[in-house]
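See structure below.
Letters A, B, ... mirror the listed sequences (proteins, then strands); counts begin at 1.
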2 protein chains.
Amino acid sequence: MAKPTKLPADFKLLLEKGDKIYQTGISVDCVVFGFHENALKILLIKVNYINKWALPGGFIQKDENVDAAAYQILKERTGINNIFLQEFSVFGSPHRSDASVHQNRYQEYGVKIPKDNWLMQRFITVGYFALIDFTEVELMQESYLEGCNWIDINKVGPLMMDHENIVSKALETLRNQIAYTPIGKNLLPKKFTMPELQKLYETILNKKLDRRNFQRKMIGFGILNRLSETRKGGAHKAPFLYTFNDKKYQKALKEGLYGSW
Amino acid sequence: MAKPTKLPADFKLLLEKGDKIYQTGISVDCVVFGFHENALKILLIKVNYINKWALPGGFIQKDENVDAAAYQILKERTGINNIFLQEFSVFGSPHRSDASVHQNRYQEYGVKIPKDNWLMQRFITVGYFALIDFTEVELMQESYLEGCNWIDINKVGPLMMDHENIVSKALETLRNQIAYTPIGKNLLPKKFTMPELQKLYETILNKKLDRRNFQRKMIGFGILNRLSETRKGGAHKAPFLYTFNDKKYQKALKEGLYGSW
DNA sequence: TTTATATTGTGTCATAGTAACACAATGGAA
DNA sequence: TTCCATTGTGTTACTATGACACAATATAAA
């Protein structure tokens, strides 16, 4: 792929008019979780000119809801509309953002960003995490500068700026939520088996769970429908397929799974 | 109290140089919880010119950590340095902020804020909640425009802008946290009785708890020291005083109280 | 066709945690 | 001295959890 030498129009617009279009000094970054081949993965973007991976992120338009901005970013990257998205933390260290990232990006085109440009200031970012069904995603490789890819959560290398920290916090939040919120509907395909669901839990929690106790607990939550179908293919007894009971799942989402206290 | 007619210097500075000092378009609001006379209360500020109460809030300096900004705001209001503070949510609707609040404030001095002034734009706010020991607070009544007061959480009237929403979310977060995080150290005085601790829990959870089961559970957490002293004063058996075991409390803070999953 | 293998479906038992409940002890008021 | 409100403590039934065993079955190998 040949590297263009002329500054693309959208890059020029961002640089020159960005501060008229977007909220300045604030951004959104998304940690997108997907589950595939028994591994928890996150969506990362390759930033070529610094040879590092980064979280998909972007800015907030002046009249745009912050949540909407996050949705928009993910829609552009994954093509999915109905994404489970949740804000989990704000990253507000004055030194977290690194203006040189923008400098390097524009330097590729021989453009030097003026020091007083809006992109050069300190940025506070709002972290969102998303849970999406891996099978429904078609990654958009729209930009010639950047690639988009699923990376195993255990194989995430050095990331841009403080993005490793953002990923850690997202994962921690996900782990906490799993204890009192139903998980799985957004990460698994419509039909799935109990072992698949268990693997998801084991992956997120990073520990082995007892097969029998897990099943009992899950069934006990009353949010699953067992189908009469089974998933054949393995050289062993075929496991039943399950779907989530949407109504009860929604109820559990609101009320939580443990009524303790 | 006579109303000054001349624009105070700090108001003038905020208006004219605020965008050089602070991050624009982003603010911090704090929901400060305290416990007094068996009631959960929050700290509110009376905004005279709109005759409503509001959360203590403020802006973030250009080189200031967002957390630090929240600490600073609370220090100014309560005089307390070591405050338990936690960011809990971002409020990012494009219509949540109301420029007329600022307009009205300055109108008191006959000053009309220009439409393109930084204060007139849409603001995203970061919500923090704080837990503080009521007995250590001395409220600062520094401003001639605003009063600061503790309001019973059940008697909070209409608040400025979306602040009611922010309070609800903070309370919800507190209720969720209580289930897996030790609470009380920051809200109660050093020495307290079991009935007092129970009242705190009952107030936050808004439900009655069984006295005997509550005590067993609390003792079971292993984060309390029972003193040999008792609190006399009531026409009944004097309850023992307790303190938190700092070391174990800190450990529980990190690891949570239930290891489930 | 038969046998082997991996993995699933289901059940039991001991233990820990929780909810519901009762009675003796005591500081101060009557 | 008696009474009352409230505290300290213990018991019992029930539910949830962790540890564990055996029968059933879809494919692969013999």
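Between A:Asp133 and A:Lys190 no salt bridge is recorded (no basic side-chain N to carboxylate O distance below 4.0 Å).
Considering only side-chain atoms of A:Pro239, the nucleotide from C:dT12, C:dT8, D:dT27 that sits closest is C:dT8. Of the candidates D:dC20, D:dG8, C:dG28, the closest approach to any side-chain atom of B:Gln215 belongs to D:dG8. Comparing C:dG27, C:dA22, D:dA26 by their nearest atom to the side chain of A:Lys232 picks out D:dA26. With D:dG8, C:dA19, C:dG9 as the choices, the nucleotide that has an atom nearest any side-chain atom of B:Arg226 turns out to be D:dG8. If you check D:dT9, C:dG9, C:dT12 against the side chain of B:Arg211, the one that comes closest is D:dT9. When distances run from any side-chain atom of B:Asn213 to the nucleotides C:dG9, C:dC21, D:dG8, the shortest one goes to C:dC21. Comparing C:dT12, C:dG27, C:dG9 by their nearest atom to the side chain of B:His236 picks out C:dG27.
Here A:Gly233 lies in heavy-atom contact (under 4.0 Å) with sugar-phosphate atoms only.
Partners of B:Glu202 under the side-chain hydrogen bond (donor to acceptor under 3.5 Å, both in side chains) rule, at least two apart in sequence or in another chain, are B:Gln198.
Aromatic ring pairs are classed by plane angle as parallel below 30°, tilted from 30° to 60° and perpendicular above 60°; the pair A:Tyr242 and A:Phe192 is parallel.
Between B:Tyr128 and B:Tyr71, the ring centre distance reaches or exceeds 6.0 Å.
The base of D:dG18 sits within donor-acceptor range of the side chain of A:Arg216, with an N or O pair under 3.5 Å. In the interface, the side chain of B:Arg212 is paired with the base of C:dA22 through a donor and an acceptor atom under 3.5 Å apart.
Of the side-chain N and O atoms in B:Lys217, one or more sit less than 4.0 angstrom from OP1 or OP2 of C:dT18.
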